[in-house]
Trainee: 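Below is the structure I would like to discuss, written out as structure tokens.
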Amino acid sequence: MIRSAQRELSTVSGKGPGRTMHEQSRTLIVDALAAPIGTKHRIQGWIRTRRDSKAGLSFLNVNDGSCFDNLQVVAPGELSNYEDTVLRLTTGCSVTVEGELVASQGAGQTIELRADTIELVGDVEDPDTYPVSAKRHSFEYLRSVAHLRSRTNTFGAVARVRHCLSYAVHDFLHRRRFLYIHTPIITASDCEGAGEMFRVSTLDLLNRENATEGQPAPADYADDFFGREAYLTVSGQLSVESYCCSLSNVYTFGPTFRAENSNTSRHLAEFWMIEPEIAFGDLADDATLVTAFLKHLIRTVLEERADDMKFFDLRIKKGLIDSLHKVVEADFARVSYTDAIAELEKAKKKFEFPVKWGIDLQSEHERFLTEELYQQPIIVIDYPKEIKAFYMRLNDDEKTVAAMDVMVPGIGEIVGGSQREERLDVLDRRIDEMGLPREPYWWYRDLRRYGTVPHAGFGLGFERMIQYVTGMANIRDVIPFPRTPRSADF
RNA sequence: UCCCCCAUAGCUCAAUUGGCAGAGCGAGCGGCUGUUAACCGCUAGGUUGUUGGUUCGAGUCCAACUGGGGGAGCCA
């Protein structure tokens with residue numbers, strides 16, 4: 001596919017036989033901007049703006065997504081197609097430009113490409129209705145043209161930061177000898193216990209073969225594809241625990257699906273989650289890992305995407321870079337749930353939800369703790385067992401479990417984790433207490449019957465991390481094509 | 001799912017008590033200029049989200065629906 005697409009493109013630009021990517025004579029703009037003056041380049045990208053000078057030349061800002069900055073192309077009036085092509089280029093047109101890098105006479109940039117040839121690859125049908133014209137657009141509007149919004153500064157920057165973070169996740173864990181485990185997307189029973197699930201089925205619910213008189217027949221999952229009910233995963237954790245109990249340090253990084261009817265700026269029906277799991281480790285190890293992990297991600301983005309981060313700092317959230325630097329330097333505060341409740345009770349602030357030991361922390365409580373009291377990311381540990389999942393390890397006080405939530409200013413909860421209950425008798429007791437059936441967990445319980453080990457892990461919401469790092473207010477703007485209730489366009 | 005708010009030109013928004021549909025940006029054309037948030041002039045651009053209702057008359061008032069935003073819950 002790529003080969004033929006390249007051939008097509010090469011034909012359009014009249015450059016002879018097709019080339020594969022690595023043979024291509026194309027210079028990406030990120031490389032062109034770093035190349036020495038006097039070198040010749042062939043660049044390809046999309047026009048951001050065109051400015052004409054009646055001194056007989058035009059300026060084209062061209063972007064190809066390889067970095068934040070555009071390359072300024074100077075188009076001399078002597079070009080054979082200056083009148084009929086260059087002067088008709090509009091925002092969004094794709095072009096191939098060959099020329100020489102020269103020192104720029106203007107302000108805004110140090111170098112520019114003086115064009116020898118400019119070829120129009122793809123025209124813009126109607127500049128008046130081009131959806132991402134050269135003006136400010138609201139994020140709400142851009143969501144309705146999600147197929148084109150990556151051509152804007154903001155969404156290009158988000159995509160590059162997203163890639164950088166994604167790469168940094170693998171890099172950090174790989175270097176610490178974690179193995180990347182591909183846990184299943186389809187799960188066969190509702191035993192993951194993390195909320196509403198999407199059903200996976202090949203049954204035609206609207207046209208049952210055995211429907212009679214408009215009366216639908218009852219579902220019989222024995223006839224379904226898997227011969228039983230199946231769902232999209234809400235977490236890879238239980239699966240990855242099994243690999244943890246043999247390969248030691250492991251992680252998942254994949255799509256996750258929640259059918260919750262959540263309509264907020266920090267929920268998606270389809271999102272990506274990173275779930276490391278460490279063997280022979282406890283909650284303290286888990287907290288140490290998550291701290292180093294988050295710091296590494298932030299540090300990497302600040303270094304490798306300085307161009308995009310500068311933009312976010314300037315246009316999206318003032319002071320963003322400073323606050324991220326502080327996070328990298330300061331240690332995260334670790335506070336027990338019990339102490340956090342005490343702090344909230346002491347606080348002069350009036351909360352809508354009254355504070356009392358045993359309650360789940362509400363948004364307003366989390367915000368107060370991380371944004372006002374500590375003013376940095378905090379790790380709250382040891383929650384009451386009643387408000388946490390069955391698999392979390394029961395502490396010696398018999399009242400709390402070894403759970404942790406990491407909350408950050410502006411987002412709230414970004415990580416949820418725990419030490420897992422490795423004692424079969426305690427696990428069984430907890431399953432019973434929560435009114436869950438033991439049977440579906442047979443394999444999970446097996447892990448505790450055969451060479452059980454203390455282990456712990458956490459789940460990091462990848463999009464929330466991107467939000468935190470970029471300052472983007474809405475989670476729908478940090479994933480290419482967001483899926484939310486009543487919305488699955490593109 | 002609950003509460004509040006919104007829907008008018010390609011986009012962002014105006015429109016007086018219910019009385020002729022407006023501006024800025026973007027776009028097209030022209031002028032000026034090694035330009036870069038350019039600047040100056042002209043032009044085009046509308047079934048006011050959908051359906052129904054009240055009224056002599058509805059962008060404006062009422063109802064339902066659809067879509068969107070903010071907050072809450074659930075969570076990552």
Side-chain angles (χ1 to χ4, degrees), chain A residues 48-62 69-77 87-88 90-92 102-109 112 114 124-145 148 152-153 192-196 234-237 255-275 290 315 352-353 360-364 366-367 387-389 405-408 411-417 458-468 473-476 479 484-487 489:
Chain A
R48 284 291 179 82
T49 59
R50 188 196 87 221
R51 295 178 298 278
D52 304 321
S53 163
K54 281 292 156 24
L57 68 162
S58 294
F59 300 91
L60 308 173
N61 274 334
V62 181
D69 287 321
N70 304 320
L71 176 65
Q72 171 158 290
V73 169
V74 181
L87 285 182
R88 290 161 92 173
T90 59
T91 303
V102 297
S104 179
Q105 300 170 33
Q109 62 284 317
E112 61 195 22
R114 195 180 58 216
V124 165
E125 219 176 69
D126 179 4
D128 189 36
T129 55
Y130 179 58
V132 282
S133 57
K135 73 174 291 282
R136 272 206 73 215
H137 294 287
S138 67
F139 292 149
E140 291 81 7
Y141 165 71
L142 287 170
R143 267 171 233 151
S144 72
V145 287
L148 296 171
T152 64
N153 282 335
E192 301 193 32
E196 293 297 307
V234 292
S235 163
Q237 181 205 314
T256 309
F257 307 88
R258 304 272 168 95
E260 305 286 347
N261 192 3
S262 299
N263 295 288
T264 80
S265 57
R266 55 188 191 286
H267 287 87
L268 291 166
E270 176 183 292
F271 64 100
W272 289 65
M273 189 156 63
I274 298 141
E275 297 171 291
V290 77
R315 293 293 166 86
E352 190 190 336
F353 293 87
D360 211 348
L361 294 180
Q362 304 295 313
S363 273
E364 57 172 345
E366 295 181 354
R367 294 180 82 104
I387 59 174
K388 288 293 181 184
D405 283 351
V406 180
M407 20 199 113
V408 298
I411 312 287
E413 189 182 338
I414 195 169
V415 168
F458 62 83
L460 168 67
F462 189 51
E463 285 76 15
R464 287 190 184 174
M465 186 64 192
I466 301 171
Q467 276 190 277
Y468 181 52
N474 197 310
I475 199 165
R476 293 161 198 175
I479 189 167
T484 55
R486 292 177 305 283
S487 173
D489 294 333

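Convention: sequence-line order gives letters A, B, ...; per-chain numbering from 1.
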Trainee: Please classify the nucleic acid contact of A:Asn474 as base, sugar-phosphate, or nothing, using heavy-atom distances under 4.0 Å.
Mentor: sugar-phosphate

Trainee: Determine, answering yes or no, if A:Phe271 is stacked on B:A76 under the 5.5 Å centre rule and the 30° plane rule.
Mentor: yes

Trainee: Using a heavy-atom cut-off of under 4.0 Å over every strand shown, decide if A:Gln72 touches base, sugar-phosphate, or nothing.
Mentor: base

Trainee: Within the 4.0 Å heavy-atom criterion, would you say A:Gly459 contacts the bases, only the backbone, or no part of the nucleic acid?
Mentor: sugar-phosphate

Trainee: Among the candidates B:G68, B:A72, B:U35, find the nucleotide nearest to the side-chain atoms of A:Phe59.
Mentor: B:U35

Trainee: Give RNA chain B the dot-bracket treatment, 5' to 3': Watson-Crick (N1-N3 with N6-O4 or O6-N4) or G-U (N1-O2, O6-N3) under 3.5 Å, [ ] crossing, | other strand.
Mentor: (((((((..((((.....[..)))).(((((.......))))).....(((((..]....))))))))))))....

Trainee: Could I get the full list of side-chain hydrogen bond (donor to acceptor under 3.5 Å, both in side chains) partners for A:Ser58, not counting sequence neighbours?
Mentor: A:Asp52, A:Tyr82

Trainee: B:A58 and B:A23: how far apart are their P atoms, nearest whole angstrom?
Mentor: 24 Å

Trainee: A:Gln362 near the nucleic acid: base, sugar-phosphate alone, or nothing, with a heavy-atom cut-off under 4.0 Å?
Mentor: sugar-phosphate

Trainee: Under 4.0 angstrom, heavy atoms only, what part of the nucleic acid is A:Thr90 near: base, sugar-phosphate, or nothing?
Mentor: sugar-phosphate

Trainee: So what does A:Ser58 touch, heavy atoms closer than 4.0 Å: a base, only the sugar-phosphate, or nothing?
Mentor: nothing

Trainee: Between A:Glu275 and A:Ser235, is there a side-chain donor-acceptor contact under 3.5 Å, judged purely by atom types and distance?
Mentor: yes

Trainee: I'd like to know if A:Arg48 pairs up with A:Asp69 as an ion pair, taking the criterion as any Lys NZ or Arg NE/NH1/NH2 lying under 4.0 Å from an Asp or Glu carboxylate oxygen.
Mentor: no

Trainee: Once you apply a heavy-atom cut-off of 4.0 Å, does A:Asn70 come out as touching a base, just sugar-phosphate, or nothing?
Mentor: nothing

Trainee: Take atom C1' in B:G10 and the same atom in B:C56, then report the distance between them in whole Å.
Mentor: 37 Å

Trainee: Suppose you measure atom P in B:U16 against the same atom in B:G53; what distance do you get, rounded to whole Å?
Mentor: 25 Å

Trainee: For A:Glu260 and A:His267, run side chain to side chain contact (heavy atoms under 4.5 Å, CB included): C-alpha distance rounded to whole Å, both residues' side-chain angles, the deciding distance at 0.1 Å, then the answer.
Mentor: CA-CA 9 Å; A:Glu260 305 286 347; A:His267 287 87; over 6 Å; no

Trainee: Given B:U12, B:A72, B:U35, which nucleotide is nearest the side-chain atoms of A:Ser138?
Mentor: B:U12

Trainee: With a 4.0 Å cut-off on heavy atoms, is A:Glu112 in touch with a base, just the backbone sugar-phosphate, or nothing at all?
Mentor: base

Trainee: Among all residues two or more places apart in sequence or in another chain, which pass the side-chain hydrogen bond (donor to acceptor under 3.5 Å, both in side chains) test with A:Glu140?
Mentor: none

Trainee: Describe the nucleic acid contact of A:Glu140 in one word from base, sugar-phosphate, nothing, applying a heavy-atom distance below 4.0 Å.
Mentor: sugar-phosphate

Trainee: Choose from B:A72, B:U12, B:C75 the nucleotide whose nearest atom is closest to any side-chain atom of A:Phe353.
Mentor: B:A72

Trainee: So A:Arg476, base contact, sugar-phosphate only, or nothing? Heavy-atom distance under 4.0 Å.
Mentor: sugar-phosphate

Trainee: Suppose you measure atom C1' in B:U8 against the same atom in B:C13; what distance do you get, rounded to whole Å?
Mentor: 9 Å

